[in-house]
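Keep in mind that the numbers below use all heavy atoms, side chains included, and drop hydrogens, waters and symmetry copies.
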Amino acid sequence: MTTPTPQLLPPIVLTFAAADPSGGAGIQADLLTQASLGCHPLSVITALTVQDTVGVEAIQAMDPDWVEDQARCLLEDMPVAAFKIGLVGSVENTSVIASIVSDYPDIPLVLDPVLASGRGDELATEDMIAALREMLIPQATLVTPNSLEARRLADEDDEEEPELDECARRLLSYGAEFVLLTGTHENTAKVINTLYGETGMVRADRWERLPGSYHGSGCTLASAIAANLANGQSIGDAVRDAQDYTWQALAAGFRPGMGQYIPDRFFWARAAEDNGSGHV
């Protein structure tokens, strides 16, 4: 009898996020993205949602004890190479997640501060935003807000909206190691995504604007970065390669319903099929 060859363990990413039954955003987007990039994804559900590709109709946060039990059970069983946090669902869940990740300070943590849906449905209260500032941003290796989220997170009762450079400086002052500000919502010819660290701007990348409106683009980008970090990349390379992956997933996106397009996180597999090779 032939002895099976031992298989190498893929990097494991643990994600805290809400479930999106449409498969466009949330935990489903995280699982697809991380698997596409060669990781084994673990999921802790923070909230259930009623939503489709048009918008979010309702959200029900999970009991914080359930959030903690899900995570502790997994962390006692498997070695995690990166954390990714999306929609937390409640202040209580934020506190529980912050306590859990504080026990693993050497594991990189990517925080995607989901504050509203693409349609503009509010997904975070002011108390939840304050909890993110106080409990999770200080533990984050990287925070990935879009420009709208950055201004809300960095609001300090300004008379005028702060510039994005100032928003990044404030988020870093709250304790984040790096901040990636994405510019999809800005009025620029190209989308400009800028990575900041303690010494200022680390890199700025410019991407062609795509014509569609996409459901789950932010989840895809943050999860791709977490997967790249789990695969051992430096922060600069992880951010650059994740942007390229996300742009290609958006460019290959499809519109299965009446709302936004959904990124095709396995665009490379379908491209291989189209080429007749059956593999990459």
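- Of all non-hydrogen atoms in T53 and S22, the two that sit nearest each other are N-CB, 4.3 Å.
- Residues that satisfy the salt bridge (charged side-chain N to carboxylate O under 4.0 Å, His left out) test with R152, not counting sequence neighbours, are E122, E126.
- For CD of E186, the number of neighbouring non-hydrogen atoms (other residues, nucleotides, ligands) closer than 6.0 Å is greater than 12.
- Judged as a side-chain hydrogen bond (donor to acceptor under 3.5 Å, both in side chains), and not counting sequence neighbours, N231 has no contacts.
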Evaluate side-chain contact (heavy atoms from CB on, under 4.5 Å) for V67 paired with I97, printing each intermediate quantity in order.
CA-CA 8 Å; V67 172; I97 294 168; 4.0 Å; yes
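- A 6.0 Å sphere centred on CH2 of W207 holds more than 12 heavy atoms belonging to other residues, nucleotides or ligands.
- For the atom pair CG (L171) and CG (L180), the distance works out to 11.5 Å, reported to the nearest 0.5 Å.
- E134 is linked by a salt bridge (charged side-chain N to carboxylate O under 4.0 Å, His left out) to nothing, counting only residues two or more places apart in sequence or in another chain.
- We find that R169 and E156 are not joined by a salt bridge, their nearest charged nitrogen and carboxylate oxygen being 4.0 Å or further apart.
- Judged as a side-chain hydrogen bond (donor to acceptor under 3.5 Å, both in side chains), and not counting sequence neighbours, T182 has no contacts.
- We find the NE2-CG distance between H215 and D52 to be 8.0 Å, quoted to the nearest 0.5 Å.
- Under the rule for a side-chain hydrogen bond (donor to acceptor under 3.5 Å, both in side chains), W247 has no partner lying at least two apart in sequence or in another chain.
- Every residue two or more places apart in sequence or in another chain was checked for a side-chain hydrogen bond (donor to acceptor under 3.5 Å, both in side chains) with D155, and none qualifies.
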Yes or no on side-chain hydrogen bond (donor to acceptor under 3.5 Å, both in side chains) for Q51 and T49, after CA distance, side-chain angles and deciding distance?
CA-CA 6 Å; Q51 66 177 297; T49 66; 2.8 Å; yes
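- Under the side chain to side chain contact (heavy atoms under 4.5 Å, CB included) rule, L142 has a single partner from V239, L111, V179, which is V239.
- When side chains are defined from C-beta on, I235 does not count as touching V202, because their heavy atoms never get closer than 4.5 Å.
- For R255, there are no salt bridge (charged side-chain N to carboxylate O under 4.0 Å, His left out) partners, not counting sequence neighbours.
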Which atom pairs, one a donor and one an acceptor, fall under 3.5 Å between side chains of residues 38-46 and the rest of the protein, sequence neighbours left out?
from : atom 1 : to  : atom 2 : distance (Å)
T46  : OG1    : A17 : O      : 3.2
T46  : OG1    : A18 : N      : 3.3
T46  : OG1    : L87 : O      : 2.6

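- Here the CG atom belonging to D244 is positioned 11.5 Å from the CG atom belonging to L221, to the nearest 0.5 angstrom.
- Applying the side chain to side chain donor-acceptor pair (under 3.5 Å) definition to pairs two or more places apart or across chains, those involving residues 26-37 are T15-Q34, D30-K84, D30-S223, Q34-S223, S36-Y245, S36-W268.
- Legend: residues meeting salt bridge (charged side-chain N to carboxylate O under 4.0 Å, His left out) with E198, ordered by chain and number and at least two apart, are absent.
- Counting heavy atoms from C-beta on, the side chains of V88 and L136 come closer than 4.5 Å.
- Here the straight-line distance linking atom OG1 of T184 with atom CG of L181 works out to 11.5 Å at 0.5 Å rounding.
- Pairs of residues two or more places apart, or lying in two chains, that qualify as side chain to side chain donor-acceptor pair (under 3.5 Å) and include a residue from residues 94-108 are R72-D103.
- Under the ring-ring contact (aromatic ring centres under 6.0 Å, His included) criterion, Y214 pairs with Y261, not counting sequence neighbours.
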